[in-house]
Peer 1: 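One structure coming up, written as structure tokens, with questions to follow.
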Amino acid sequence: TGALTPVGSPEETDGAGSFLAPSKDGKYLYSLAKPGAASFSIDAASGQLSHINSVKCDISGNAHLVLTSNDRIALAAAYGGGGVNVIRVNEDGSLADVEVGASVKHEGGS
């Protein structure tokens with residue numbers, strides 16, 4: 001029917017929940033969060049989420065999140081701060097700390 005069914009209490013971790021990006025294998029879910037971005041594992045049987053970790057981004061104001069085609073990099077577009085945060089995804093589904101110089105801040109305006 002396409003109807004959604006709750007599988008537990010809402011996950012309330014670091015304000016996560018906007019702009020979601022699932023991994024291709026369906027094991028992980030990535031979300032924008034108050035410090036920057038958060039990773040969750042997805043229980044295959046129940047669909048329940050478990051928080052893995054959250055990382056702070058260099059550029060504030062993230063508005064969109066996408067994974068690269070190999071699920072190894074998450075890109076967070078920072079509308080508020082005017083740039084792109086580049087976040088490495090570890091083998092275990094966790095997010096690596098944002099490396100200095102990996103994020104790109106744009107200059108000028110639209």
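Keep in mind the model is a prediction, meaning the values are calculated, not measured.
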Peer 1: Please name all residues satisfying side-chain contact (heavy atoms from CB on, under 4.5 Å) with Ala78, sequence neighbours left out, ordered by chain then number.
Peer 2: Ile59, Asn62, Asn85

Peer 1: Please name the pair of heavy atoms, one in Ser103 and one in Val98, separated by the smallest distance, quoted to 0.1 Å.
Peer 2: OG-CG1, 3.6 Å

Peer 1: As an exercise, state the distance from CD of Glu99 to CG of Asp58, rounded to the nearest 0.5 Å.
Peer 2: 10.0 Å

Peer 1: State whether the side chain of Asp71 and the backbone N or O of Lys24 hold a donor-acceptor pair below 3.5 Å, judged by distance alone.
Peer 2: yes

Peer 1: Is Asn90 close to Arg88 at the side-chain level, that is, under 4.5 Å between some pair of heavy atoms?
Peer 2: yes

Peer 1: Which pairs with one or both residues in residues 77-107 pass ring-ring contact (aromatic ring centres under 6.0 Å, His included), sequence neighbours excluded?
Peer 2: none

Peer 1: Is there a donor-acceptor pair under 3.5 Å between the side chain of Asn70 and the backbone N or O of Arg72?
Peer 2: yes

Peer 1: Hey, is the main chain of Ala38 close enough, under 3.5 Å, to the side chain of Ser54 for a donor-acceptor pair?
Peer 2: no

Peer 1: Could you pull out all residues at least two apart from Ser60 that satisfy side-chain hydrogen bond (donor to acceptor under 3.5 Å, both in side chains)?
Peer 2: none

Peer 1: Show the nearest heavy-atom pair for residues Leu67 and Pro22, with the distance to one decimal.
Peer 2: CD1-O, 3.5 Å

Peer 1: Mind checking side-chain hydrogen bond (donor to acceptor under 3.5 Å, both in side chains) for Asp97 and listing every partner two or more places apart, or none if nothing turns up?
Peer 2: none

Peer 1: Which atom names give the shortest non-hydrogen contact between Asp43 and Ala45, and what distance separates them?
Peer 2: OD1-N, 3.0 Å

Peer 1: Mark yes or no for whether Tyr30, through its side chain, and Gly93, through its backbone, hold a donor-acceptor pair below 3.5 Å.
Peer 2: yes

Peer 1: Which heavy atom of Phe19 sits nearest a heavy atom of His64, and at what distance?
Peer 2: CD2-ND1, 3.4 Å

Peer 1: Considering non-hydrogen atoms only, spot the tightest contact between Ile87 and Cys57 and give its length.
Peer 2: CD1-SG, 3.8 Å

Peer 1: To the nearest 0.5 Å, what is the distance between CD1 (Ile42) and NZ (Lys27)?
Peer 2: 11.5 Å

Peer 1: Which atom names give the shortest non-hydrogen contact between Ala63 and Leu32, and what distance separates them?
Peer 2: C-CD1, 3.7 Å

Peer 1: Can you tell me how far the CG atom of Leu20 sits from the CG atom of Leu65, to the nearest 0.5 Å?
Peer 2: 8.5 Å

Peer 1: Suppose clustering is done on Ile, Leu, Val, Met, Phe, Trp and Tyr with side-chain heavy atoms closer than 4.5 Å. Which residues sit in the same group as Ile73?
Peer 2: Val66, Leu75, Val84, Val86

Peer 1: Do Asn53 and Ser94 get their side chains close enough for a donor-acceptor pair, meaning under 3.5 Å?
Peer 2: no

Peer 1: Which residues pass the side-chain hydrogen bond (donor to acceptor under 3.5 Å, both in side chains) test with Ser41, not counting sequence neighbours?
Peer 2: none

